[in-house]
K.L.:
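Here's a structure for you.
Labels below follow one simple rule: chain letters A, B, ... track the order of the sequence lines, proteins then strands, and each chain is numbered from 1.
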Amino acid sequence: MGISGLLPALKSIQVTRHISEYSGKTVAVDAYVWLHRGVYSCATELATGKITNKYVDYAMHRVRMLQHHKITPYVVFDGGPLPAKKGTESDRKSKRDENLARGNAFMAQGKMSQARECFIKCIDVSPEMAYQFIKARFFHALRAESVPYVVAPYEADAQLAYLEQAGFVDAILTEDSDLLVFGCQTVLFKFDVVAATVVSISRKDFGSVAASSGDANGISLIGWSDVQFRAMTILSGCDYLPSIPGIGLKTACNLLKKWRTADAVIRAIGIEGKKSVPVGYLKQFKLAEKCFLHQRVYCPRQEKLVYLSEVGSDWNNEFDAYVGG
DNA sequence: TCTTGGTCTATAT
DNA sequence: TAGACCAAGA
């Protein structure tokens, strides 16, 4: 899901670049989108248990594309769901099962195109499939071409952020605006294989994001710290915490300008009384912050799990239970 | 003016 | 599925 409206709000610092501009660099790749798009090409085969490797071809085509331009890809896969998000997994599973059953019913009637529609909906890139994906084909293909890869203990986002922060890679290729919240410096969106371009957003440009009259989606980030930027995105609603109803990106931005800190903003909304602050919202907010800052990731150098950023003295077991053990 | 929820569309065969 | 885009309502 990412942060709704964040990319349009950062329009003024988006730069379309030819990927050859990253020649000589190492780029971390979020495998999720490639997997998702790849399975479209063979949804029927996958759902009915046929063996296929078309989705590997799809991803490897992109890997080779990067290599062709002398870019070293570092492929990152999702691991298990973060404890913070567990709730949504089971109802997704039941929806998948439902679509699988409907697809099979259509197929029994010979209605292949309608069956395919259902199969597309039931295909999800589950950790099992990602695992199968690596093991069956992609793994060998990457190994054969000495392409580094890593499976995140939890979310790929945090792992991607760690790889950049720790100096393993120079940039991150993804479709998820959350990477900016995780503190990444150079994030590349909208990889276009035909034009061989990406849309780059650099953190160093945040300071020049100013609300201009011509841009209805604009926000101003002049003089903002990472703490404030992160607070704005969490307040506007993120994967870990829905927003207080009625608070979007703009309102969060304006309130933070006025009150400086998230604590003060949440207090002010409560005192004003026009919007109802859910019980425990401040606490949930703090936990969401922890997920963005200290989620568990794998360090390829130390070969063990580490925190995305080191935790402070206020850390406790409850936080650990939230960001992964 | 901003949020929210709806619809549309690309994905690739 | 998820982002882009649009219209309605607060």
K.L.:
Does A:Tyr32 put a side-chain nitrogen or oxygen below 4.0 Å from OP1 or OP2 of C:dA2?
P.N.:
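So the side-chain polar atoms of A:Tyr32 do come within 4.0 Å of the phosphate oxygens OP1 or OP2 of C:dA2, strictly under.
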K.L.:
Roughly how far apart are A:Asn317 CG and A:Phe319 CZ, rounded to 0.5 Å?
P.N.:
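Rounded to the nearest 0.5 Å, the CG-CZ separation comes to 10.5 Å.
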K.L.:
Got a list of protein N/O to nucleotides 4-7 of chain C N/O distances below 3.5 Å?
P.N.:
from  : atom 1 : to       : atom 2 : distance (Å)
C:dA4 : OP1    : A:Lys190 : NZ     : 2.7

K.L.:
In whole angstroms, how far is the C1' atom of C:dG3 from the CG atom of A:Asp239?
P.N.:
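Going from CG in A:Asp239 over to C1' in C:dG3 covers 13 Å.
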K.L.:
Mind calculating the distance between CG (A:Leu255) and C1' (B:dT3) to the nearest angstrom?
P.N.:
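About 13 Å, once rounded to whole Å.
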K.L.:
Angle between ring planes, A:Phe168 versus A:Tyr162, binned at 30° and 60°: parallel, tilted or perpendicular?
P.N.:
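The arrangement is tilted - the two ring planes meet at 30° to 60°.
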K.L.:
Treating A:His69 as the side-chain partner and A:Ile71 as the backbone partner, does any N or O pair qualify as donor plus acceptor under 3.5 Å?
P.N.:
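Answer holds: no.
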K.L.:
May I ask you to check whether over 12 heavy atoms, not counting those of A:His68, lie within 6.0 Å of atom NE2?
P.N.:
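Check fails, neighbour count at 12 or below.
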K.L.:
According to the interplanar angle, ranging from 0 to 90°, do the rings of A:Trp315 and A:Tyr307 count as parallel (below 30°), tilted (30 to 60°) or perpendicular (above 60°)?
P.N.:
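Judged by the thresholds at 30° and 60°, the geometry between A:Trp315 and A:Tyr307 is perpendicular.
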K.L.:
Which protein N or O atoms sit under 3.5 Å from an N or O of nucleotides 4-8 of chain B?
P.N.:
from  : atom 1 : to       : atom 2 : distance (Å)
B:dT4 : OP1    : A:Gly246 : N      : 2.5

K.L.:
Hey, is the main chain of A:Gln185 close enough, under 3.5 Å, to the side chain of A:Glu164 for a donor-acceptor pair?
P.N.:
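Indeed, once roles are kept as given, a pair shorter than 3.5 Å links the two residues.
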K.L.:
Where the side chain of A:Arg116 is defined as all heavy atoms beyond and including C-beta, which of B:dC2, B:dT11, B:dT13 is the nearest nucleotide?
P.N.:
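Of the candidates, B:dT13 comes closest.
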K.L.:
Could you check how far CZ of A:Phe191 sits from C1' of B:dA10, rounded to whole Å?
P.N.:
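These atoms are roughly 16 Å apart.
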K.L.:
Of the options B:dT11, C:dT1, B:dT3, whose atoms approach the side-chain atoms of A:Thr251 most closely?
P.N.:
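So the side chain of A:Thr251 is nearest to B:dT3.
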K.L.:
When you measure from the side chain of A:Lys250, which nucleotide among B:dT13, C:dT1, B:dC2 comes out closest?
P.N.:
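Comparing B:dT13, C:dT1, B:dC2 against the side chain of A:Lys250, the answer is B:dC2.
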K.L.:
May I ask you to check whether over 12 heavy atoms, not counting those of A:Lys257, lie within 6.0 Å of atom NZ?
P.N.:
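Yes - once you tally the heavy atoms of other residues, nucleotides and ligands closer than 6.0 Å, there are more than 12.
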